[in-house]
Amino acid sequence: MSEGNIFILTLSIFAGIAEVIHYYIDGMAREAFLPTCRRYSSLYKHAKLVDYHIKSAIPSSVDLTVYMQDGSPFPVDIQVPQNTIFNSKDGKQWITTRNVTIERGTYTYKVPVAQKEAVEEVELGTYTSHDIIITLGDLPTDKKYVEGSMVLTIGGEAWTLVDTFAYSGPGDKVYKVELDTTLTPYLVFGDGQFGRKPTIGSLIKGQYYLTYGANGNIPANQFDKVPDVMTDVTSGLTLTNTIAATGGSDYEDFDTLKEHIPLSIKTLGVAITKEDYEAIAMLIDGVDKAYCNYICGKYVEVYITPDGGSEASTELINNVKQRMESSKVLTTRVSVYSTHAAKIYLSAEITGRKSFKSIDISNQVKKALLDAYNYQNSDINKPVRQSDLYALMDNQPMVDFLTITELYLLPYPIAININSQNTEEIVSVPALNITYFKMISFTTSTPESDFENCYIQTVIENGNAFYKVYANKDLSGNALYSGQYGKPLEVTLTKSKFSITINLPVENANYENGTVYQLTTQPMGSNGRLVDLIPHNYNIPTISSDNITLTINEVV
């Protein structure tokens, strides 16, 4: 029959209608399942179906290091109350998260701050009906409501903020702050069975915090102004943030919700197994990645990475610690630490395909490596295997074949600080007021050259306390370095071709015999043998363009 036949045309029309109907049916079926849905509105409904509380914005946090400009110890005790306001160089407001006492005689002190600003008590509206929707009003376009910060009174009575009504009775004065599909915060009250209904005509007042969210994740050295509450006590103070501010995030987006909803169902807030601890940690505000070192269920070490990467602040670590204490088994001891980045060093000789320029080949290979081993795509203790690297680089369209010539992994140095209670606490380098220092690294076939044999001890000589540094097998007491105890001790690492040098700062040290010594040891994989790099010290292996060396052979 001809395509112009009326019967063929009619059949084609019905076939087209059926195709469109099946398209919509397939779309509805796709949106009905969490793993396959593609629309935020569908994901929103999945969250409500399992009573998942969609989080609002999380403020960034950081530890400010306070010290005297002339390097002397603090002459008096300095009280820094909670909610003391600090300002970063970009004009953002930060407040202290707890009361801090800077003790006289110490050289440095860390003050925890979070990027948020208070909104004093405002009228949010009158409860005129049980169907009314009360929002927080017109918030500034660049600022967002801080998760869990609402303090509410209804008719002059204080109500309690909760994440779920599942544990509330008919008389409980509880409420939630939820987000709608347009990411607008609004108040939710109980239905009379799970949570009490407010009295009609009651005036609702609230106070809360606002934050810049992810825009508060600012780099290091962005603070320099000391607030009056501190300068009024003593002059000569200065401060800075030695690490980047991290942990800040905006309202939960599509990808975050898709990850968090299954985790919330998996644990129901109770930690038993290794996977439970990791799931609960990743659900905590400000945490992006988590790894659990599960020791027979009696001792658990939780390592976290904040949103935005870098190092977790003491505020975030304490928040995770508190949450773990409320979720764990009674007899389990839990410790929480921050992860750090481990630097990958890679050298390779590459022969390109015909007619491609070396600069184009190099750019293509570097982009593939940077995409595969950046912060987002890497993970805690992720193995760096030669086979993966060969496959990654060899599969680039411009590459014919290659040989990896050097492969190193520089771990982040960790200091173990023995505090005044004679208990260990892990802090990162640069560390402050260290009394004992040990490099935590890997198990290798040459332990005599491993980082574990580089350490710093505090010794007493003629009534004075000093740092002393020992390296490799030199444990007989012949110090390579000594510095006055109590002053800041910074240790930085740099890599040469076959070694890593630990550089000790001149300004904080008294060098014996006027000689500046350096401790040299080998990073993993640098002893002339190419090996797979498998971190064991809770680092996140990452690579930067500066640490990639490529020798390109062009083929004309």
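Numbering starts at 1 and runs along the sequence shown.
At distances below 3.5 Å, not a single donor-acceptor pair connects side-chain atoms of Asp394 with backbone N or O atoms of Tyr390. In this structure a side-chain-to-backbone donor-acceptor pair under 3.5 Å is missing from Thr267 to Val270.
Classified by interplanar angle (parallel below 30°, tilted 30° to 60°, perpendicular above 60°), the ring pair Tyr303/Tyr337 is tilted. Relative ring orientation between Trp159 and Phe189 is described as perpendicular, the plane-to-plane angle rising above 60° on a 0-90° scale split at 30° and 60°.
A distance of 8.0 Å separates CD1 in Ile132 from OH in Tyr127, rounded to the nearest 0.5 Å. The distance from atom CG of Leu187 to atom CD1 of Ile133, rounded to the nearest 0.5 Å, is 11.0 Å. Summarising the geometry, atom CD belonging to Glu31 is positioned 6.0 Å from atom CZ belonging to Arg39; distances are rounded to the nearest 0.5 Å.
For the pair Lys176 and Phe165, the cation sits on the ring face: its NZ or CZ lies under 6.0 Å from the ring centre, inside 45° of the axis. Because its NZ or CZ atom is both nearer than 6.0 Å to the ring centre of Tyr212 and within 45° of the ring axis, Lys92 counts as a cation-pi partner of that residue.
Between Glu178 and Lys48 there is a salt bridge, since at least one side-chain N of the basic residue sits less than 4.0 Å from a carboxylate O of the acidic one. The pair Asp250-Lys144 meets the salt-bridge criterion, with a side-chain N (NZ, NE, NH1 or NH2) lying under 4.0 Å from an Asp/Glu carboxylate O.
The shortest non-hydrogen separation linking Ser168 to Val174 is OG-CG2, 3.6 Å. Taking every heavy atom of both residues into account, Leu124 and Met150 meet most closely at CD1-CE, 4.3 Å.
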Go through Asp400 and Thr351 one step at a time and tell me if the side-chain hydrogen bond (donor to acceptor under 3.5 Å, both in side chains) criterion holds. CA-CA 6 Å; Asp400 189 5; Thr351 299; over 6 Å; no

Derivation and outcome, side-chain hydrogen bond (donor to acceptor under 3.5 Å, both in side chains), residues Asn217 and Ser60: CA-CA 6 Å; Asn217 294 332; Ser60 177; 3.1 Å; yes

Glu406 and Ser347: CA distance, side-chain angles, deciding distance, side-chain hydrogen bond (donor to acceptor under 3.5 Å, both in side chains) verdict: CA-CA 5 Å; Glu406 293 180 343; Ser347 299; 3.2 Å; yes

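Not counting sequence neighbours, Asp131 has no partner by the salt bridge (charged side-chain N to carboxylate O under 4.0 Å, His left out) test. Ser12 is linked by a side chain to side chain contact (heavy atoms under 4.5 Å, CB included) to Ile8, counting only residues two or more places apart in sequence or in another chain. Among residues two or more places apart in sequence or in another chain, the side chain to side chain contact (heavy atoms under 4.5 Å, CB included) test is passed with Pro140 by Asp142, Lys143, Leu210. For Ser149, the side chain to side chain contact (heavy atoms under 4.5 Å, CB included) test picks out Tyr145, Val146, Tyr208, Tyr209, with sequence neighbours left out. Every residue two or more places apart in sequence or in another chain that forms a side chain to side chain contact (heavy atoms under 4.5 Å, CB included) with Phe254 is listed here: Tyr40, Leu43, Lys258.
At least one side-chain heavy atom of Leu550 sits less than 4.5 Å from a side-chain heavy atom of Val365.
Atom NZ of Lys321 is surrounded by more than 12 heavy atoms from other residues, nucleotides or ligands within 6.0 Å. Around atom NZ of Lys45, no more than 12 heavy atoms belonging to other residues, nucleotides or ligands sit under 6.0 Å away. When the shell of 6.0 Å around NZ of Lys367 is examined, it contains 12 or fewer heavy atoms from other residues, nucleotides or ligands. Within a 6.0 Å radius of CD1 in Ile25, more than 12 heavy atoms belonging to other residues, nucleotides or ligands are found. For Arg30, the CZ atom is densely surrounded, since the number of other residues' heavy atoms within 6.0 Å is greater than 12.
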Side-chain donor-acceptor distances from residues 281-292 under 3.5 Å, at least two apart:
from: Asp288; atom 1: OD2; to: Tyr375; atom 2: OH; distance (Å): 2.7
from: Lys289; atom 1: NZ; to: Gln376; atom 2: O; distance (Å): 3.4
from: Lys289; atom 1: NZ; to: Ser378; atom 2: O; distance (Å): 3.1

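Side-chain contact, Thr184 with Thr182: a donor N or O sits under 3.5 Å from an acceptor N or O.
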